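First the structure, which I've put down as structure tokens, then a few questions once you've had a look.
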Protein chains: 2
Amino acid sequence: MELRDRILAAAARVYAETGFRGATTRRIAAEAGVNEVTLFRHFGSKSSLISEAIGAERGALLLGSLPGEPADPSAELTAWAEAVLELLREKRALIRTCMGDFEEHPEMMPPCGSPTARAAEALCEYVERLRRAGLATGNADPRVAASMLMGALFADAMGRDIMTDLYRSAPDEAVAGYVRLFLRGIGVEVA
Amino acid sequence: MELRDRILAAAARVYAETGFRGATTRRIAAEAGVNEVTLFRHFGSKSSLISEAIGAERGALLLGSLPGEPADPSAELTAWAEAVLELLREKRALIRTCMGDFEEHPEMMPPCGSPTARAAEALCEYVERLRRAGLATGNADPRVAASMLMGALFADAMGRDIMTDLYRSAPDEAVAGYVRLFLRGIGVEVA
DNA sequence: CCGATATGCAAGTACATGCTTGCAGCAGGC
DNA sequence: GCCTGCTGCAAGCATGTACTTGCATATCGG
């Protein structure tokens, strides 16, 4: 069992760096410290291997949760958003590579249940809770609002090291700014 | 001169579909309706060709402007944001591929002056104008605010066809929602 | 100790890749 | 008419690719 996982982890690493075409079976085998034939004996083909590696990586990515009974929206959301951004940033190479390969291999990215989408769903429900608790007065569509904050975090995680002229302030300050704007936008009073 | 541009356009198309490794000189030549050797006679190497093709594409992408004297922030911003989203969506395959290749070929994506960053800069200046005109009362960092809206638009353009469970409402409604949230966030009164 | 299973190693297959070379045609300018 | 510059065509080269086969070895349960 251990060897299988080592191969999967190696495949994910090489794939994140070089994409589907660049992730050659030789490189993956070398990265895993394993003979090339072993890959084929375990997974049959390169496609299956990489597909499974991405799936495992996606499943292993678990995100923090937002409180069921909101008390301090600003603090709670900031902490959550920082955690989400951190996770996305850690996996940014893999995520970017997947996006780049989407045109050629859409089957590698199932259209539902991505960590990003799950995070947005959690956020959406939190916004509804805020509203029910009377903490948010606005009438914005919570789903669109969630997409907006989530999109800002996603773009930040993906683009901060690429477009250095766009993201000049520190990540923490940026997240604080996003959350502040978001809360004011949905009608939450914030200092 | 015409042939050169035809080759560049073909290279950009093939690259957007398959990435650097997948964009073989044979495919580009076929797409351009040109013999393979012609590519090398004109550009020397595949790297130079693709690099130039991406550069040309990036330069050709020009974005709308925001009014110098803001009058109707909601209408102005919505129109602008829709145009930006449309542009990004048109080029999403190319942009995603570039992001995917960033790990291997960072030199293809100069860290400054990307269309996205330029749009964010324009947006930032617009926010400052709003504030000077007394239309915005908030004290949020305009640069962070601009990154947020721009990030939301960027993520929408990149992710709408990938994460279908995240983006359920129509693009126009989403943009309207982003802008509304943004304006309320920076302290602009909105209906 | 035996047999089954898992792995490594060496070699090979059929194909694709970036790039080069040599030669033929075909246009326009002098 | 002839020269020059551009293009196409055919072939080739060295390398890399996914994947296969055959055989030797190790490990472990019975």
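Note that the structure is a prediction, hence the values are computed from the model and not measured.
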So, OP1 or OP2 of D:dT7: does either fall under 4.0 Å of a side-chain N or O from B:Asn35? no
For a quick check, tell me whether the side chain of A:Arg41 and the base of C:dG8 share a donor-acceptor pair closer than 3.5 Å. yes
So which one's nearest nucleotide on DNA chain C is more toward 5', A:Thr38 or B:Phe20? A:Thr38
For C:dT7, does either OP1 or OP2 sit under 4.0 Å from a side-chain N or O belonging to A:His42? yes
Can you confirm whether the side chains of B:Thr18 and A:Glu104 place a donor and an acceptor under 3.5 Å from each other? no
Select one nucleotide: of C:dC9, C:dG18, D:dC19, the one nearest the side-chain heavy atoms of A:Arg26. D:dC19
Measure from CD on A:Glu36 to C1' on C:dA10 and round the result to the nearest Å. 12 Å
Mind calculating the distance between CZ (A:Phe40) and P (D:dC19) to the nearest angstrom? 5 Å
Taken to the nearest whole Å, CG/A:Leu39 to P/D:dT17 is 13 Å
Consider the side chain of B:Thr25, meaning its heavy atoms from C-beta on, and name the nucleotide among D:dT17, C:dG18, D:dG8 that approaches it most closely. C:dG18
Measure the distance from CZ on A:Arg6 to P on C:dT7 and round it to the nearest whole Å. 10 Å
Distance in angstrom units between B:Arg4 CZ and D:dC6 C1', rounded: 14 Å
Whole angstroms only, please: what is the CZ-P distance between B:Arg21 and C:dG18? 11 Å
Measure the distance from CD on A:Glu2 to C1' on D:dT27 and round it to the nearest whole Å. 15 Å
Give A:Ala23 one of three labels, base, sugar-phosphate or nothing, depending on what nucleic acid heavy atoms sit under 4.0 Å from its own. sugar-phosphate
Starting at atom CD1 of A:Ile7, determine the distance to atom P of C:dA6, rounded to an integer number of angstrom. 13 Å
Can you see whether B:Phe40 has B:Lys46 sitting over its ring - NZ or CZ less than 6.0 Å from the centre and within 45° of the normal? no
Taking atom types as modelled and ignoring hydrogens, do the side chains of A:Ser48 and A:Ser51 form a donor-acceptor contact shorter than 3.5 angstrom? no
Within the structure shown, what part of the strands sits under 4.0 Å from A:Val37 by heavy-atom distance: base, sugar-phosphate, or nothing? base
Between B:Arg180 and A:Asn139, is any side-chain donor less than 3.5 angstrom from a side-chain acceptor? yes
Compute whether any side-chain donor of one residue and acceptor of the other, for B:Glu57 and B:Tyr15, lie under 3.5 angstrom apart. no
